[in-house]
Chemist: 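Got a structure for you, written out below as structure tokens; questions coming shortly.
Throughout, numbering of the chain's residues begins at 1 and tracks the sequence. These values consider heavy atoms only, across backbone and side chains, with no hydrogens, waters or symmetry-generated copies.
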Amino acid sequence: MVIGAGALGLSTALHCAIAGRSVVVVERHTAGSQASGRAAGLFKSVQADELRTRLARRSITRALTFADWAGVPLPVARSGSLLIARTTRHREYLAQELTQSRRWGADVREASRTELSYYQPAGDEYALWCPEDLYIEEPASLIRACLAACGRLGAVVAENEAVVGIPVTAGRAAGVETERRSIAAPVVVDAAGGWVRQVAGLAGARVPVAPVRHQLLITEPTAQIDPADPIARIVDAAVYLRPARGGLMVGGFESGPMPVDPDQQPAAFSTDDMPLDLGVLRKLAGQVAAETPVAETAPVAEHRGGLFTMSPDGRFVTGPVPDLPGLWVASGCNGSGFSSSLAIGEALAAWITSDTPPPGMTALAPGRFGPLTDDVLISRGLWQYAHYYDPAGGAPEAAGPDR
Ligand SMILES: Cc1cc2nc3c(=O)[nH]c(=O)nc-3n(C[C@H](O)[C@H](O)[C@H](O)COP(=O)(O)OP(=O)(O)OC[C@H]3O[C@@H](n4cnc5c(N)ncnc54)[C@H](O)[C@@H]3O)c2cc1C
């Protein structure tokens with residue numbers, strides 16, 4: 001039983017179905033309609049620690065071979081990516097990432113050039129070339145592929161049906177209650193994205209994540225952009241860029257992000273109700289305007305956003321919920337939940353179906369933090385968001401062992 005048909009819920013459901021389990025996914029709105037359908041679709045092999053590198057690279061492999069193991073085609077742009085630094089501190093940081101990512105198995109090299117149709121270098125950049133990186137042009141295509149693959153294996157995805165209760169019987173989560181019915185299940189996976197805490201709360205459990213707004217824009221098409229160009233991440237500006245629909249996608253990580261607690265919103269709150277602020281993206285685009293003027297000047301064709309679930313140490317929150325057997329969680333996306341979903345779903349399904357954690361996965365279990373107040377949870381989550389490309393930027397006290 002999976003609650004939420006975003007990338008994490010659908011991937012977990014698909015992998016449980018592949019393992020021969022009977023699976024029902026219940027989704028309050030429509031599949032992929034919240035964070036997953038609004039993602040930039042970027043997959044990134046360079047990560048801040050070995051476990052995340054392994055999961056990110058596994059997801060890249062799973063995306064490239066999706067048709068082989070899931071039986072459904074998945075369109076993928078094998079673009080590669082550039083990580084670009086323009087300050088001394090960020091040059092040093094990228095040099096460190098080069099060494100450690102190679103040690104952890106990623107194919108990363110010093111880039112011989114940084115010139116792109118949409119990025120004219122100043123000349124003093126230091127850049128890494130990451131040939132393994134890719135993107136999925138329209139995030140809905142991953143959702144559609146997972147839905148089709150689930151359908152082939154008999155997994156049921158019930159849309160427009162909200163979970164309103166999680167009954168606990170003899171100390172175990174025993175299924176879900178929706179607005180319309182009760183469904184008994186020995187395993188319940190909370191994959192409710194920005195609502196993961198509210199859903200866990202239905203069973204009296206607590207999941208340590210803080211939802212934070214993230215936005216991107218896509219410019220109108222322009223002949224200036226070569227659609228075959230790679231992804232570029234300007235790490236000192238915390239900005240990412242890629243070709244999209246004939247224009248340029250511009251997103252980034254502002255230093256003063258906005259936490260959004262669905263508990264403080266009306267009960268029907270969905271991503272469509274979340275206020276967007278183009279000013280945030282304009283400011284980020286301004287930081288790369290010298291090299292990428294089109295990011296600042298081209299008319300905007302689409303502006304979208306949704307919720308990240310940030311955790312106190314920037315790592316996924318995935319595994320069994322402490323003190324409540326039968327309840328599992330797939331969350332703590334920290335901005336990488338779309339791209340890591342294929343590996344996270346695979347690992348979580350293996351954990352659930354074999355009752356044995358795959359190597360390294362206990363480090364992501366939701367019980368690892370101990371008690372935290374909401375204020376601490378939010379402030380650490382905001383710090384992780386603001387340092388997405390820049391975890392070297394002065395870790396807060398107790399931000400986590402790897403930061
Ligand atoms: C603008 C933007 C760009 C991003 N870019 C990237 C990127 O390039 N790469 C990357 O890896 N990640 C990216 N992300 C992050 C990524 O989108 C998320 O990490 C990922 O989609 C999270 O998936 P999810 O399944 O946890 O959440 P969601 O997709 O939000 O799915 C959760 C689902 O649970 C449902 N739900 C909630 N409550 C209930 C209930 N009571 N009953 C039933 N269903 C319920 C919701 O309706 C929702 O559909 C981006 C996010 C945003 C907003």
Chemist: Please identify each residue that fulfils ring pair (Phe, Tyr, Trp, His ring centres under 6.0 Å) with Y119, with sequence neighbours left out.
Modeler: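 Y119 satisfies ring pair (Phe, Tyr, Trp, His ring centres under 6.0 Å) with no other residue.
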
Chemist: Would you call R89-D236 a salt bridge at under 4.0 Å N-O?
Modeler: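 Salt bridge between R89 and D236, a charged N being under 4.0 Å from a carboxylate O: no.
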
Chemist: Going by heavy atoms in the side chains, are R62 and E346 under 4.5 Å from each other?
Modeler: yes

Chemist: F338 versus P139: any side-chain heavy-atom pair under 4.5 Å?
Modeler: yes

Chemist: Kindly give the heavy-atom pair with the smallest separation between S340 and A56, and that separation in Å.
Modeler: OG-CA, 4.4 Å

Chemist: State, yes or no, whether a side-chain contact exists between Y118 and V250 at a heavy-atom distance under 4.5 Å.
Modeler: no

Chemist: Please table the atom pairs, donor to acceptor, closer than 3.5 Å between any side-chain atom in residues 180-194 and protein atoms at least two apart or in another chain.
Modeler:
| residue | atom | partner | partner atom | Å |
| --- | --- | --- | --- | --- |
| R180 | NH1 | N160 | O | 3.4 |
| R180 | NH2 | E161 | OE1 | 3.3 |
| R181 | NE | E161 | OE2 | 2.7 |
| R181 | NH2 | E161 | OE1 | 3.1 |
| D190 | OD1 | A192 | N | 3.2 |
| D190 | OD2 | A200 | N | 3.2 |

Chemist: For N334 and S311, run side-chain hydrogen bond (donor to acceptor under 3.5 Å, both in side chains): C-alpha distance rounded to whole Å, both residues' side-chain angles, the deciding distance at 0.1 Å, then the answer.
Modeler: CA-CA 7 Å; N334 289 282; S311 68; 3.1 Å; yes

Chemist: Give a yes or no on whether D323 atom CG has more than 12 heavy-atom contacts from other residues, nucleotides or ligands under 6.0 Å away.
Modeler: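 Count not over threshold, so no.
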
Chemist: Is it true that E138 and R245 have a side-chain N and a carboxylate O under 4.0 angstrom from each other?
Modeler: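 Salt bridge flag = yes for R245 with E138.
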
Chemist: Is it the case that the side chain of R304 and the backbone of A39 share a donor-acceptor pair, with hydrogens and angles ignored and the cut-off at 3.5 Å?
Modeler: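 Yes, the answer is positive, given that a donor and an acceptor are paired below the 3.5 Å cut-off.
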
Chemist: Counting distance only, does the side-chain N/O of T99 pair as donor-acceptor with the main-chain N or O of A95 below 3.5 Å?
Modeler: yes

Chemist: Give a yes or no on whether the ring-centroid distance for F253 and Y389 is below 6.0 angstrom.
Modeler: yes

Chemist: Identify whether the distance between the nearest side-chain nitrogen and carboxylate oxygen of R197 and D374 falls below 4.0 Å.
Modeler: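 Looking at R197 and D374, the cut-off is met.
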
Chemist: Between T30 and E159, does a side-chain hydrogen bond (donor to acceptor under 3.5 Å, both in side chains) hold up when you go through it step by step?
Modeler: CA-CA 5 Å; T30 54; E159 296 180 304; 4.9 Å; no

Chemist: Distance-only, no hydrogens or angles: does the S79 side chain make a donor-acceptor pair with backbone N or O of P230 under 3.5 Å?
Modeler: no

Chemist: Report yes if some heavy atom in the side chain of L342 is under 4.5 Å from a heavy atom in the side chain of F66; otherwise report no.
Modeler: yes

Chemist: If you look at every heavy atom in L284 and A238, which pair is closest and at what distance?
Modeler: CD2-O, 4.4 Å

Chemist: Taking all non-hydrogen atoms of both residues, which atom of P312 and which atom of P208 are closest, and how far apart?
Modeler: CD-O, 3.5 Å

Chemist: Should the pair E291-R86 be classified as a salt bridge under the 4.0 Å nitrogen-to-oxygen rule?
Modeler: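 Salt bridge between E291 and R86, a charged N being under 4.0 Å from a carboxylate O: yes.
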
Chemist: Could you measure the distance from the CD atom of Q34 to the OG atom of S270? Nearest 0.5 Å is fine.
Modeler: 5.0 Å

Chemist: Search all heavy atoms of A173 against all heavy atoms of I166 and return the closest pair with its distance.
Modeler: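 Closest heavy-atom pair between A173 and I166: CB-CG2, 4.2 Å.
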
Chemist: Pairing donors with acceptors under 3.5 angstrom, does anything connect the side chains of H303 and Q215?
Modeler: yes

Chemist: May I ask you to decide if S336's main-chain N or O and S339's side chain share a donor-acceptor pair within less than 3.5 Å?
Modeler: yes

Chemist: Before accepting this row, confirm whether a basic side-chain N of the pair D107/R57 lies closer than 4.0 Å to the acidic partner's carboxylate O.
Modeler: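 Salt bridge flag = no for R57 with D107.
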
Chemist: When you check the side-chain N and O atoms of S81 and D133, is any donor under 3.5 Å from an acceptor?
Modeler: yes

Chemist: Would you sort out whether R242 and L42 count as a side-chain contact (heavy atoms from CB on, under 4.5 Å), showing the intermediate values?
Modeler: CA-CA 9 Å; R242 75 155 166 93; L42 309 177; 3.6 Å; yes

Chemist: Determine whether a donor-acceptor pair (N or O, by modelled atom type, separation under 3.5 Å) exists between the side chain of R282 and the backbone of E296.
Modeler: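 At least one qualifying donor-acceptor pair exists.
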
Chemist: Using side-chain hydrogen bond (donor to acceptor under 3.5 Å, both in side chains), reason through E92 and Y126 one step at a time and then give a plain yes or no.
Modeler: CA-CA 9 Å; E92 284 165 6; Y126 176 76; over 6 Å; no

Chemist: What are the two closest non-hydrogen atoms of A13 and V25, and how far apart are they?
Modeler: CB-CG2, 3.5 Å

Chemist: Can you confirm whether or not the ring centre of Y385 sits under 6.0 Å from the ring centre of H214?
Modeler: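 Between H214 and Y385, which both carry aromatic rings, the centre distance is below 6.0 Å.
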
Chemist: So that I know where these two stand, are W69 and H15 an aromatic pair - ring centroids less than 6.0 Å apart?
Modeler: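 Yes.
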
Chemist: Side chains of E97 and Y93: is there a donor and an acceptor less than 3.5 Å apart?
Modeler: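 Yes.
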
Chemist: Can you find a heavy atom in the side chain of T53 that is under 4.5 Å from one in the side chain of V46?
Modeler: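 Side-chain contact under 4.5 Å: no.
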
Chemist: Are the side chains of T353 and R21 in touch, meaning some heavy atoms are under 4.5 Å apart?
Modeler: yes

Chemist: Looking at D313 and R368, is any side-chain nitrogen of the basic one under 4.0 Å from a carboxylate oxygen of the acidic one?
Modeler: yes

